[in-house]
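A quick note: this is a predicted structure, and the numbers were derived from the prediction, not measured. All values below were derived from every heavy atom in this structure, side-chain atoms included, with hydrogens, water molecules and symmetry-related copies excluded. Here, residue 1 is the first one in the sequence, and each next residue gets the next number.
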Amino acid sequence: MAGKYIVYADESGSTTLDPAYPVFVLAFCLFEVETYVSQVVPAFQHLKFETFGHDQVVLHEREIRRAIGEFAFLNTESSRNQFLGKLSNVIESADFKIFAAIVDQLPLGGDTYLIALADGVAQIRDYLGKNNIRESDVSIVLEARGKKQDRHVANALVKMGYLGMRTTAPKSAMSTGLQIADLVARPIGINHVRPNSSNRPYEILKSKIHA
């Protein structure tokens with residue numbers, strides 16, 4: 001039976017020590033399926049058609065930030081401000097909840113991704129319990145990371161006893177939910193690393209983050 005809620009998860013940062021960005025973030029974005037299908041996806045599709053004339057573009061945070069690939073046009077300040085303004089409005093208007101699993105890159109002696117996964121699932125379970133939502137009504141879609149890594153993640157979820165459906169998908173799947181998770185993860189990480197720095201994307205997201 002199809003679930004009433006869907007969670008998309010994507011990461012920011014490396015699972016190995018990176019002095020320039022010493023944090024790993026796994027962002028879980030929870031949507032009501034009906035809202036996701038009828039409101040969120042159409043809004044992002046409209047933005048893509050308005051910007052590119054088609055919807056065969058993945059909104060990838062790294063490429064947007066670096067103005068490369070399909071986003072090379074963002075090298076001009078006016079184009080960048082206009083596009084980022086529209087993207088920010090779409091994200092701010094979208095109705096979803098963020099569960100951010102943040103792991104400082106310290107010698108933890110374990111798999112950083114699985115540590116973040118366990119934290120994120122625990123946060124989601126806490127939210128579901130407080131809102132009388134059945135775990136079996138919530139499916140999870142994680143970005144694919146390779147056959148071996150995906151198998152480890154699947155096994156970890158089984159060991160956690162997670163009751164909802166779970167699957168993986170690559171960025172090329174053009175999933176709006178995965179693109180949103182990719183877009184929100186780094187601003188959360190930047191806020192964790194540099195909480196006093198200007199971070200407009202995080203200001204837009206913080207009301208959506210589960211505390």
Side-chain angles (χ1 to χ4, degrees), residues 2-13 25-74 80 82-101 116-117 120-121 123-124 127-128 133 137-145 150 153 164-189 200-210:
K4 297 178 181 179
Y5 298 86
I6 183 79
V7 172
Y8 295 93
D10 202 355
E11 66 198 66
S12 172
V25 180
L26 191 56
F28 298 79
C29 298
L30 171 70
F31 303 83
E32 285 192 60
V33 170
E34 181 57 37
T35 299
Y36 176 76
V37 171
S38 64
Q39 299 177 26
V40 179
V41 172
F44 275 82
Q45 293 295 87
H46 180 78
L47 174 63
K48 288 185 180 182
F49 277 106
E50 182 181 4
T51 304
F52 304 100
H54 57 81
D55 61 352
Q56 299 304 298
V57 175
V58 175
L59 298 176
H60 190 192
E61 186 276 337
R62 178 178 176 275
E63 293 184 356
I64 293 173
R65 175 165 44 88
R66 298 190 177 187
I68 58 176
E70 295 280 359
F71 303 93
F73 72 95
L74 299 180
R80 186 176 188 84
Q82 184 179 36
F83 175 76
L84 291 182
K86 291 178 180 179
L87 179 60
S88 294
N89 288 338
V90 171
I91 291 175
E92 187 171 19
S93 299
D95 185 8
F96 65 101
K97 180 71 68 176
I98 301 171
F99 303 85
L117 178 69
V121 170
Q123 290 185 50
I124 291 170
Y127 176 82
L128 299 183
I133 299 172
D137 280 335
V138 184
S139 300
I140 293 181
V141 181
L142 299 151
E143 187 195 8
R145 303 170 66 239
D150 292 348
V153 169
M165 292 180 61
R166 49 204 179 266
T167 189
T168 59
K171 279 189 170 61
S172 58
M174 306 295 291
S175 165
T176 296
L178 281 182
Q179 290 171 73
I180 293 173
D182 173 77
L183 290 168
V184 308
R186 185 175 174 84
I188 293 170
R200 168 65 176 160
Y202 180 79
E203 293 302 313
I204 291 171
L205 299 173
K206 67 181 183 180
S207 65
K208 301 178 186 293
I209 299 174
H210 174 68

Participant: Any side-chain heavy atom of Val40 within less than 4.5 Å of one from Phe96?
Facilitator: no
Participant: For Ile91 and Lys208, which heavy atoms make the closest approach, and how far apart are they?
Facilitator: O-CE, 3.3 Å
Participant: Verify side-chain contact (heavy atoms from CB on, under 4.5 Å) between Ile124 and Leu30, making sure each step is shown before the conclusion.
Facilitator: CA-CA 9 Å; Ile124 291 170; Leu30 171 70; 5.7 Å; no
Participant: Take atom NE2 in His46; do more than 12 heavy atoms of anything else shown fall under 6.0 Å from it?
Facilitator: no
Participant: Using side-chain heavy atoms (C-beta onward) and a distance below 4.5 Å, is Val37 in contact with Phe31?
Facilitator: no
Participant: Could you tell me which residues satisfy ring-ring contact (aromatic ring centres under 6.0 Å, His included) with Phe49, sequence neighbours excluded, listed by chain and number?
Facilitator: none
Participant: Do Leu84 and Ile64 come close enough that some side-chain heavy atom pair is under 4.5 Å?
Facilitator: yes
Participant: Quick one: does Thr176's side chain get under 4.5 Å of Tyr36's, heavy atoms only?
Facilitator: yes
Participant: Taking atom CZ of Arg65 as the centre, report whether more than 12 heavy atoms of other residues, nucleotides or ligands fall under 6.0 Å from it.
Facilitator: yes
Participant: Is the closest side-chain heavy-atom distance between Glu63 and Val58 below 4.5 Å?
Facilitator: no
Participant: What pair of heavy atoms forms the shortest contact from Ala144 to Pro170, and how long is it?
Facilitator: CB-N, 3.9 Å
Participant: Show the numbers, then the answer: is there a side-chain contact (heavy atoms from CB on, under 4.5 Å) between Lys171 and Leu178?
Facilitator: CA-CA 7 Å; Lys171 279 189 170 61; Leu178 281 182; over 6 Å; no
Participant: Tyr127 pairs by ring pair (Phe, Tyr, Trp, His ring centres under 6.0 Å) with which of Phe99, Phe28, Tyr5?
Facilitator: Phe99
Participant: Would you mind reporting whether Thr168 and Val153 have side-chain heavy atoms less than 4.5 Å apart?
Facilitator: no
Participant: A side-chain contact here means heavy atoms from C-beta on lying under 4.5 Å apart; do Lys4 and Val33 qualify?
Facilitator: no
Participant: Show the numbers, then the answer: is there a side-chain contact (heavy atoms from CB on, under 4.5 Å) between Arg62 and Ile68?
Facilitator: CA-CA 9 Å; Arg62 178 178 176 275; Ile68 58 176; 3.9 Å; yes
Participant: Just how far is it from atom CG of Asn89 to atom CD1 of Ile204, taken to the nearest 0.5 Å?
Facilitator: 7.5 Å
Participant: Under a 4.5 Å cut-off applied to non-hydrogen side-chain atoms, are His60 and Asp182 in contact?
Facilitator: yes
Participant: Write down the atom of Ile209, the atom of Lys97, and the distance for their closest heavy-atom approach.
Facilitator: C-CD, 4.5 Å
Participant: With rounding to the nearest 0.5 Å, note down the distance linking CG in Leu142 to CD in Glu11.
Facilitator: 10.0 Å
